[in-house]
Amino acid sequence: MTASTIHDLARPQVMPLPPYNAGLSSELVRSRYGATEISRLASNENPFGASPAVAEALTGLAQRLHNYPDAGGSALRRAIAMRCGAEPGQVVIGNGSEDILQMLCLALLSPGDRVLVQRPGFGLHEIFPRMMGAELDVLGLTPALEFDLDAWCEALARAPKIAFIANPSNPVGCMFDAAAFQRLLAATPAGTLLVIDEAYYEYARLAPGFPDALAALRDQRRPWIVLRTFSKGWGLAGLRVGYGIASDAALVQLLDRVRTPFNVNQPAQEAALAAWGDEAFMARATAQTVQFRQAMVARLNEVAWPGLRIAPSAANFLFIDLGRPNGPVNEALLAHGIIVKPWKEAGFENFIRVSVGLPEDNDRFLRALREIVSQQDADKPR
Ligand SMILES: *Cc1c(COP(=O)(O)O)cnc(C)c1O
């Protein structure tokens with residue numbers, strides 16, 4: 001059998017999809033580059049990890065793995081609803097918030113439906129709609145590496161079926177502030193589903209002016225869903241738990257029809273509930289990360305070279321224009337054992353996204369980057 005036989009079996013939307021770029025594993029960097037010390041700064045993970053309450057909640061786990069998990073995730077949904085000021089029926093949980101993005105596309109999109117997204121943006125905001133045959137309306141950034149609010153308002157007025165708004169943006173880190181968010185709402189026709197992807201909410205809420213999207217949306221007579229995750233600020237990326245607060249229980253029930261019944265496994269539900277119960281741990285970790293991010297920006301600005309630009313960030317990462325192709329810089333960083341995400345999209349080949357890690361990792365990154373750039377400049381023929 002040949003690959004083309006397989007390809008003939010595929011839906012026409014599937015073959016053109018790019019495989020998700022999940023980056024290099026620590027193992028691979030160790031073996032291919034001979035690096036001994038690895039700094040993982042490519043996936044926006046939380047180096048503080050999860051609350052110790054998680055380890056405690058998971059003791060004896062092996063003894064209760066023979067039962068199916070609660071398909072309704074009721075304890076976790078109740079806890080989330082309570083703190084977010086929603087009804088449990090408005091809460092959907094997923095195997096990561098990416099699972100909920102997929103459910104939304106499965107439940108809502110038919111070929112030809114229009115979906116509004118940002119580029120550069122979160123890959124799955126494009127991949128899942130394309131998988132369903134939807135047409136993308138793609139918005140760019142302003143020259144200052146910010147959201148283009150006017151362009152967003154115009155595009156929203158054209159009534160896409162779904163608008164995916166990552167606030168703050170991944171990979172850029174820019175945000176719509178409260179006033180901008182109100183303008184977005186005012187510009188959106190009542191038939192458009194607003195998906196507000198707040199994967200970095202726990203960091204962004206510390207940024208002056210960050211909107212209380214749930215409060216702003218609550219008074220709206222329109223469909224919306226706010227997505228958040230336990231993967232970033234809560235330090236549980238390995239377990240895969242995300243949640244959404246929807247305008248209506250009817251939307252959650254729609255998603256229930258397309259999700260796999262046991263989409264969030266038992267350890268994940270238990271761990272998320274335990275983490276959720278120790279908000280103070282999350283608050284400390286995220287506040288420290290924001291301080292580390294500010295320190296990184298200050299240090300980069302101290303050594304700034306011509307062409308270096310740092311996008312303003314409300315999240316736990318920085319999007320950096322190196323003013324030179326990212327490929328060679330990335331290779332040199334890997335040789336130092338430092339894993340970042342070099343951006344590949346047209347127009348952004350000079351950018352890397354670097355997660356804010358622990359001070360020793362950030363320091364290793366900053367020192368290596370400075371050394372690599374000086375070396376490249378010294379090697380340049382004049
Ligand atoms: C990380 C991320 C997610 C997905 O996180 P999960 O691990 O699937 O919960 C969703 N949206 C954005 C913008 C992200 O950066």
Side-chain angles (χ1 to χ4, degrees), residues 20-23 40-47 49-50 73 76-77 80 91-106 115-129 138-139 141 147 162-176 194-205 207 210 213 225-245 255 259-260 263-265 267-269 271-272 275-276 282 286 289 293 311 313-319 340-341 343 345 351-357:
Y20 184 76
N21 171 14
R40 292 175 57 83
L41 301 177
S43 300
N44 302 341
E45 294 153 343
N46 179 347
L76 181 57
R77 286 169 65 208
I80 290 169
V91 179
V92 54
I93 58 174
N95 185 29
S97 55
E98 61 189 28
D99 186 26
I100 306 174
L101 291 169
Q102 188 184 38
M103 290 182 223
L104 287 163
C105 292
L106 279 171
V115 172
L116 182 60
V117 297
Q118 171 79 36
R119 197 183 289 161
F122 188 55
L124 297 175
H125 290 178
E126 296 196 26
I127 291 174
F128 290 146
V138 179
L139 296 179
L141 298 168
F147 284 123
I162 303 182
F164 287 108
I165 303 179
N167 198 28
S169 149
N170 171 13
V172 186
C174 60
M175 69 174 199
F176 288 114
L194 282 174
V195 179
I196 312 299
D197 186 342
E198 292 190 335
Y200 301 94
Y201 170 75
E202 293 77 14
Y203 301 95
R205 69 201 171 112
F210 188 73
I225 185 165
V226 175
L227 302 182
R228 294 185 187 157
T229 178
F230 283 88
S231 297
K232 312 280 165 53
W234 296 97
L236 286 175
L239 271 175
R240 320 298 310 119
V241 192
Y243 64 95
I245 314 280
L255 301 183
R259 73 178 170 92
T260 56
N263 60 333
V264 183
N265 68 56
Q269 291 191 33
W276 192 250
M282 178 279 286
T286 49
T289 294
R293 184 191 73 216
S313 173
N316 65 338
F317 54 81
L318 293 172
F319 198 46
V340 302
K341 194 149 180 170
W343 222 253
E345 273 162 336
F351 284 74
I352 58 170
R353 189 196 65 195
V354 58
S355 310
V356 179

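Side chains included, hydrogens not; waters and symmetry mates left out as well; all remaining heavy atoms used. Both ligands and their constituent atoms are indexed starting at 1 by order of listing.
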Do you know which two heavy atoms are closest between Ala207 and Met175, and how far apart they sit? CB-SD, 4.1 Å
Would you kindly say whether Ser97 and Arg228 are connected by a side-chain donor-acceptor distance under 3.5 Å? no
Can a donor-acceptor pair be found between the side chains of Asn263 and Asn95 at a distance below 3.5 Å? no
Can you name the atoms of ligand 1, numbered from 1 with element, that are less than 4.0 Å from a heavy atom of Ser231? 6 (P), 7 (O), 9 (O)
In the protein, what heavy atom is nearest to atom 11 (N) of ligand 1, and what distance, to one decimal place, separates them? Asp197 OD2, 2.6 Å
Taking the side chain from Ser355 and the backbone from Leu41, do they hold a donor-acceptor pair closer than 3.5 Å? yes
Mind checking whether Phe230 has a heavy atom under 4.0 Å from ligand 1? no
Tell me whether the centres of the aromatic rings in Phe317 and Tyr200 are closer together than 6.0 Å. yes
Arg293 side chain to Ala315 backbone, donor-acceptor under 3.5 Å: yes
Look only at interatomic distance and state if Thr229 has a nitrogen or oxygen under 3.5 Å from any nitrogen or oxygen of ligand 1. yes
Name the orientation class of the two ring planes belonging to Phe230 and Trp234 (parallel below 30°, tilted from 30 to 60°, perpendicular beyond 60°). tilted
Need the ligand 1 atom indices (1-based, order shown) with element for anything under 4.0 Å from a heavy-atom of Lys232. 1 (C), 2 (C), 3 (C), 5 (O), 14 (C), 15 (O)
In ligand 1, which numbered atoms sit nearer than 4.0 Å to a non-hydrogen atom of Glu98? 8 (O)
Atom indices of ligand 1, in the order listed, that fall short of 4.0 Å to a heavy atom of Gly96: 6 (P), 8 (O), 9 (O)
To which of Tyr200, Trp234, Tyr243, Phe164 does the heavy atom nearest atom 15 (O) of ligand 1 belong? Tyr200
For ligand 1, which atoms have a heavy atom of Ala199 less than 4.0 angstrom away? 2 (C), 3 (C), 10 (C), 11 (N), 12 (C), 14 (C)
For Arg240, take its heavy atoms, then give the atoms of ligand 1 lying under 4.0 Å from any of them. 6 (P), 7 (O), 8 (O)
Is it the case that the side chain of Arg353 and the backbone of Val172 share a donor-acceptor pair, with hydrogens and angles ignored and the cut-off at 3.5 Å? no
Can you find an N or O of Asn170 that's nearer than 3.5 Å to an N or O of ligand 1? yes
Determine whether the side chain, the backbone, both or neither of Ser97 has a heavy atom under 4.0 Å from any heavy atom of ligand 1. both
